[in-house]
Amino acid sequence: MIRHCVFIRFRPEISADEKTLIFSEIAALKSRLSGLLATYEGGNVSPEVGMDKGYSEGFIVDFADAAARDAYLADPEHQKTGAKIVAAAKGGIDGIFVYDLEIPG
């Protein structure tokens with residue numbers, strides 16, 4: 001399994017509704033893409049003050065395997081939502097942190 005983690009430093013003027021729309025678009029991909037197992041989104045709830053480095057919100061997508069993750073990355077709807085994320089992030093692409101973990105099965 002691949003766990004795709006995306007953390008975002010949203011620009012301060014991005015509304016809660018805009019964030020919800022972005023996260024719902026990611027979740028909606030589950031119904032279209034084989035191998036997309038689950039999505040999770042939300043704000044940081046860690047008590048470790050400052051350790052989030054300003055990445056206060058984000059989402060995680062679980063994939064059956066790397067091929068499913070790669071299909072998601074190439075998907076046109078994902079790419080449209082990705083462009084919205086870049087536009088909403090403080091500093092554009094510099095306001096986004098992506099990390100994929102391989103989870104042994």
Side-chain angles (χ1 to χ4, degrees):
M1 185 178 87
I2 299 293
R3 182 158 288 159
H4 178 69
C5 308
V6 179
F7 305 103
I8 307 161
R9 292 180 183 145
F10 281 109
R11 293 188 345 262
E13 66 272 16
I14 302 301
S15 71
D17 287 345
E18 290 173 279
K19 295 173 191 178
T20 298
L21 177 62
I22 287 169
F23 294 144
S24 68
E25 287 179 8
I26 295 294
L29 294 172
K30 184 177 178 193
S31 67
R32 294 183 44 253
L33 297 176
S34 176
L36 195 162
L37 304 175
T39 63
Y40 311 91
E41 68 281 326
N44 178 32
V45 296
S46 174
E48 298 177 290
V49 177
M51 294 299 290
D52 62 11
K53 308 296 188 236
Y55 294 97
S56 60
E57 296 173 78
F59 62 93
I60 294 172
V61 182
D62 287 344
F63 296 99
D65 53 30
R69 186 258 336 262
D70 295 349
Y72 159 88
L73 294 175
D75 181 74
E77 292 303 313
H78 163 261
Q79 291 178 356
K80 287 179 191 174
T81 302
K84 289 180 184 179
I85 293 169
V86 171
K90 186 176 181 180
I93 198 83
D94 290 336
I96 303 165
F97 179 73
V98 177
Y99 195 91
D100 288 2
L101 294 170
E102 187 168 11
I103 309 295

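For the numbers below, each heavy atom of this structure counts, side chains included, while hydrogens, waters and symmetry mates do not.
For the residue pair Ala66 and Ile2, the shortest heavy atom distance occurs at N-CG1, 3.6 Å. Of all heavy-atom pairs between Cys5 and Asp100, the closest is N-OD1, 4.1 Å. Of all heavy-atom pairs between Tyr40 and Asp62, the closest is CE1-OD2, 3.6 Å. Across every non-hydrogen atom of Ala68 and Ala64, the tightest pair is CB-N, 4.3 Å.
At a threshold of 4.5 Å between side-chain heavy atoms, the hydrophobic network of Ile, Leu, Val, Met, Phe, Trp and Tyr places Ile60 and Ile103 in two separate groups. No continuous path of ILVMFWY side-chain contacts below 4.5 Å connects Leu33 to Met1, so the two sit in separate hydrophobic clusters. Both Val98 and Val61 are part of a single hydrophobic cluster, where members link through side-chain heavy atoms under 4.5 Å apart. Using a 4.5 Å cut-off between side-chain heavy atoms of Ile, Leu, Val, Met, Phe, Trp and Tyr, with links allowed through other members, Val6 and Ile22 fall into the same hydrophobic cluster.
For residues 57-87, the ring-ring contact (aromatic ring centres under 6.0 Å, His included) pairs, not counting sequence neighbours, are His4-Tyr72, Phe63-Tyr72, Tyr72-His78.
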key: salt bridge (Lys or Arg N to Asp or Glu O under 4.0 Å) evaluation trace for Glu25 with Lys84   = CA-CA 10 Å; Glu25 287 179 8; Lys84 289 180 184 179; 2.5 Å; yes
task = Let me see the working for Ile8 and Phe23 under side chain to side chain contact (heavy atoms under 4.5 Å, CB included), right down to the final yes or no.
result = CA-CA 11 Å; Ile8 307 161; Phe23 294 144; 4.3 Å; yes
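Distance alone, capped at 3.5 Å, is enough to place a donor-acceptor pair between the Arg9 side chain and the Lys53 backbone. Under the 3.5 Å distance criterion, the side-chain polar atoms of Gln79 are matched with a main-chain donor or acceptor of Leu73.
Checking each of Lys30, Arg69, Arg32 against Asp75 for a salt bridge (charged side-chain N to carboxylate O under 4.0 Å, His left out) leaves exactly one that passes, namely Arg32.
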For residues 86-95, tabulate all N or O donor-acceptor pairs below 3.5 Å that involve a side-chain atom, not counting sequence neighbours.
none

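Between Lys19 and Glu57 there is a salt bridge, with a side-chain nitrogen of the basic residue lying less than 4.0 Å from a carboxylate oxygen of the acidic one.
The distance from the CD1 atom of Ile26 to the CD1 atom of Ile85 is 4.5 Å, given to the nearest 0.5 Å.
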